[in-house]
Amino acid sequence: LSQDDINRVMGLPTEAERIEEERRDAVRPKPGHKALIISGPLNGFYVDVTRTEAGRVWYEMASGLKGEAPEGMVIRAAE
């Protein structure tokens, strides 16, 4: 049996699932970080993330405009 088979039986994530979760966490915006809006009318704008909750991201732009978007439409910007 492979380690992935053992993990499945034990209800643990497989290696591929663990790597995918780490990738998602690497791009998931977090409060206090800069983020990039990747979809919608503000596509390409950088924002400051103020809060994340239940798959939503609240942000503020440099101009003072505040908004929210689904987590999949906003990614953490490289620092």
- How far apart are the C-alpha atoms of Glu21 and Arg24, what are their side-chain angles, what is the distance that settles it, and do they pass the salt bridge (charged side-chain N to carboxylate O under 4.0 Å, His left out) test? CA-CA 5 Å; Glu21 179 59 31; Arg24 273 186 265 147; 3.2 Å; yes
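- The side chain to side chain donor-acceptor pair (under 3.5 Å) analysis of residues 38-55, with sequence neighbours excluded, yields the pairs Lys34-Asp48.
- Contact annotation: the side chain of Val74 never approaches that of Arg56 to less than 4.5 Å [non-hydrogen atoms, C-beta and beyond].
- Using a 4.0 Å cut-off between charged nitrogen and carboxylate oxygen, Glu71 and Arg28 count as a salt-bridge pair.
- Side-chain atoms of Met61 and Phe45, non-hydrogen and from C-beta on, do get closer than 4.5 Å to each other.
- Counting all heavy atoms, side chain and backbone alike, Trp58 lies closest to Glu68 at NE1-OE2, 3.4 Å.
- A distance of 7.5 Å separates CE in Met73 from CD1 in Ile37, rounded to the nearest 0.5 Å.
- Here the straight-line distance linking atom CG of Leu42 with atom CG of Leu65 works out to 6.5 Å at 0.5 Å rounding.
- Taking CD1 from Ile75 and NE2 from His33, the interatomic distance works out to 13.5 Å, rounded to the nearest 0.5 Å.
- Taking 4.5 Å as the limit, every side-chain heavy atom of Arg23 sits out of range of all side-chain heavy atoms of Ile19.
- Shown here for Val49 and Pro29, the closest heavy-atom pair between the two residues is CG2-CB, 3.8 Å.
- Note that CG of Asp4 and OG1 of Thr14 are 5.0 Å apart. Values are rounded to the nearest 0.5 Å.
- Rounded to the nearest 0.5 Å, atoms CD (Glu15) and CD (Glu20) are 12.5 Å apart.
- Under a hydrophobic clustering in which Ile, Leu, Val, Met, Phe, Trp and Tyr are joined whenever their side-chain heavy atoms come within less than 4.5 Å, directly or via other members, Val27 and Val47 fall into different clusters.
- A side-chain donor-acceptor contact under 3.5 Å links Lys30 to the backbone of Asp25.
- Partners of Ser2 under the side-chain hydrogen bond (donor to acceptor under 3.5 Å, both in side chains) rule, at least two apart in sequence or in another chain, are Asp5.
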